Participant: 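Supplied in structure tokens, the structure appears directly below.
Every heavy atom of this structure was used, including side-chain atoms; hydrogens, water molecules and symmetry mates were not. The chains referred to below are lettered A, B, ... by the order of the sequence lines, with proteins before strands, and numbering in each begins at 1. All values derive from a computational prediction rather than experimental measurement.
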There are 2 protein chains.
Amino acid sequence: MPVRQKNSKPSARRRTPEARPYHHGDLRRVLIDAALQLAAEGAEVSVREAARRAAVSPAAPFRHFPNRDALMAAVAEEAQRRFRVEIEAALAEAASADPLARFRAFGVAYVRWAMHNPAHFEIISTGRYFAYDSSAELTRDNAELVALTERMLAEAASQGLLRSADLKRILIAGRALIYGFARMNLDGHFPRWGVEEGQIERMAEEVIDLFIAGIAKG
Amino acid sequence: MPVRQKNSKPSARRRTPEARPYHHGDLRRVLIDAALQLAAEGAEVSVREAARRAAVSPAAPFRHFPNRDALMAAVAEEAQRRFRVEIEAALAEAASADPLARFRAFGVAYVRWAMHNPAHFEIISTGRYFAYDSSAELTRDNAELVALTERMLAEAASQGLLRSADLKRILIAGRALIYGFARMNLDGHFPRWGVEEGQIERMAEEVIDLFIAGIAKG
DNA sequence: TCCGTTATGTAATCATCGATTACATTTCGG
DNA sequence: CCGAAATGTAATCGATGATTACATAACGGA
């Protein structure tokens, strides 16, 4: 139980560093971070536990989120943002490569992040919190990633690298392959390949290469 | 609230049809069915609601399942059994076709069942209840489906239908593709293609055909 | 047939959780 | 300086998973 500091005057204008003010600095942000951390620890995210970690009453979070789903949507938004940042960083390194090599780099980075942030990836990918605020950054960031792969494949097509011209089908298959590979690993459908040792990433590379070989000309 | 029939003697040896006996016929079975139905209705499965539907006290289920996860594992087992039955029925119809055509039929049946039984597929696929009883029929049925696809691909290879000899990689990619396609649909990552109209199945066929074309020789 | 053991169901109770309501405190703009 | 708005708290509700003590029925041997 947190010790309430009552020794300083409650109405002190300048709060001394050790006195906790009645109002939290940015509770909303702290709650999201706490929830992200909870998920990362493998615990299931409860509003109360997030409040506990923020040293705040169980009802306080509801001043910032109408309900638990709204908090989870905010968590998903932040996770999706981080996901996108990492993917784009990986693609920036491969910026000069040909479109199919970039697609490969995309897929590997995708799987890599998912395996290193399984709970966050789960929150993003189940789509349970997509619906809550359809105009959110969450949707935008996700759409941007999809558009990214779409552009790579379109570029590959325009350079005559692809056998088939049916981009829509190729895009869907590619997304399904990468998504499925990541989720099957997280859902325990594959042997527990080492994450740290990079075995999963190597396997991801091989699978993506197989796919690319299947759609590439020649 | 269910009306307790107290008019018949409590100790009647032959229970009249309208008198409910103290002991349920096969509560375990009824609870599993109730849970399956709850999931199918889109509701979240709670032990209490299952008990309610079985017209039994909230504590009764715990005589048959040590905890909620054990009930869910039993539900998963039944769902997996039904899944396997349907897949094998679909494959029986295509028994005379060549291996790659059978693989295609497998994938389409897979997606079809997943789209028609989204909640049951979710329970099976998340793997949250796989761990509970690792020796269960659940694991066996799932392994059998994997072995099925493995055999089809091996046969295709032995008939010289495949470009690459790396069966392991092809198997993983194929599974990831089909699993990913099904899950992405259920998770809302694709437009809501009509289920009844067969649009998803048609799309599944196209995607699987793309994959087959990628691994097939010539 | 009787009786005791075991299987199965009930009642009562607990802790946890999401959520709401009334109230308290702080902040901030006019 | 003051009142409204923002933000936090206390108390409480209903639902849920789970446990414990107890009640009842089923079953099998003497």
Participant: Charged N to carboxylate O under 4.0 angstrom, A/Arg29 versus A/Asp26?
Facilitator: no
Participant: With DNA chain C as reference, determine whether B/Ser57 or A/Arg52 sits nearer its 5' end, using the nearest nucleotide of each.
Facilitator: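 Its nearest nucleotide being more 5', the pick is B/Ser57.
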Participant: With a 4.0 Å heavy-atom cut-off, tell me which residues in residues 39-51 of chain B come close to DNA chain D, sorted by residue number.
Facilitator: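 When residues 39-51 of chain B is checked for heavy atoms under 4.0 Å from DNA chain D, the hits, listed by number, are B/Ser46, B/Val47, B/Arg48.
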Participant: What is the distance from CE of B/Met72 to P of D/dG17, rounded to the nearest Å?
Facilitator: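 Answer to the nearest Å: 10 Å.
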Participant: Can you name the residues that form a salt bridge (Lys or Arg N to Asp or Glu O under 4.0 Å) with B/Glu88, not counting sequence neighbours?
Facilitator: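 If we apply the salt bridge (Lys or Arg N to Asp or Glu O under 4.0 Å) test to B/Glu88, skipping adjacent residues, the hits are B/Arg84.
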Participant: Starting at atom CG of B/Leu38, determine the distance to atom C1' of D/dG17, rounded to an integer number of angstrom.
Facilitator: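 The distance from CG of B/Leu38 to C1' of D/dG17 comes to 15 Å, rounded to the nearest Å.
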Participant: In whole angstrom, what separates B/Leu71's CG from D/dT16's P?
Facilitator: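 The distance from CG of B/Leu71 to P of D/dT16 comes to 14 Å, rounded to the nearest Å.
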Participant: Would you classify B/Arg28 as touching base, sugar-phosphate or nothing, given that sugar-phosphate means primed atoms plus P, OP1 and OP2, and contacts are heavy atoms under 4.0 Å?
Facilitator: nothing
Participant: Is there a donor-acceptor pair closer than 3.5 Å between any side-chain N or O of B/Asn185 and the backbone N or O of B/Phe181?
Facilitator: yes
Participant: Does the pair B/Glu137/B/Arg81 count as a salt bridge with the N-to-O cut at 4.0 Å?
Facilitator: no
Participant: In whole angstrom, give the distance that lies between atom CZ of B/Arg29 and atom C1' of C/dT8.
Facilitator: 19 Å
Participant: Any salt bridge between B/Glu49 and B/Arg53, counting N to O under 4.0 Å?
Facilitator: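 Looking at B/Glu49 and B/Arg53, the cut-off is met.
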Participant: Should the pair A/Phe130 and B/His189 be assigned to parallel (<30°), tilted (30 to 60°) or perpendicular (>60°) ring geometry?
Facilitator: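 The rings of A/Phe130 and B/His189 stand perpendicular, inter-plane angle above 60°.
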Participant: Take a 6.0 Å sphere around CD of B/Glu41 and say whether it holds more than 12 heavy atoms from other residues, nucleotides or ligands.
Facilitator: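 Yes, CD of B/Glu41 has more than 12 neighbouring heavy atoms, counting only those of other groups under 6.0 Å.
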Participant: Report the distance from atom CG of B/Asp26 to atom P of D/dA26, rounded to the nearest whole Å.
Facilitator: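 Rounded to the whole Å, the gap is 15 Å.
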Participant: At a heavy-atom distance below 4.0 Å, what parts of residues 59-67 of chain A sit against DNA chain C?
Facilitator: A/Ala59, A/Phe62, A/Arg63, A/Asn67
Participant: Drop me the distance from B/Asn117's CG to B/Leu36's CG, to the nearest 0.5 angstrom.
Facilitator: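 CG of B/Leu36 is found 10.0 Å from CG of B/Asn117.
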Participant: Taking the inter-plane angle between the rings of A/Tyr110 and A/Phe121 on a 0 to 90° scale, is it parallel (under 30°), tilted (30 to 60°) or perpendicular (over 60°)?
Facilitator: perpendicular
Participant: Does A/Arg68 put a side-chain nitrogen or oxygen below 4.0 Å from OP1 or OP2 of C/dT16?
Facilitator: no
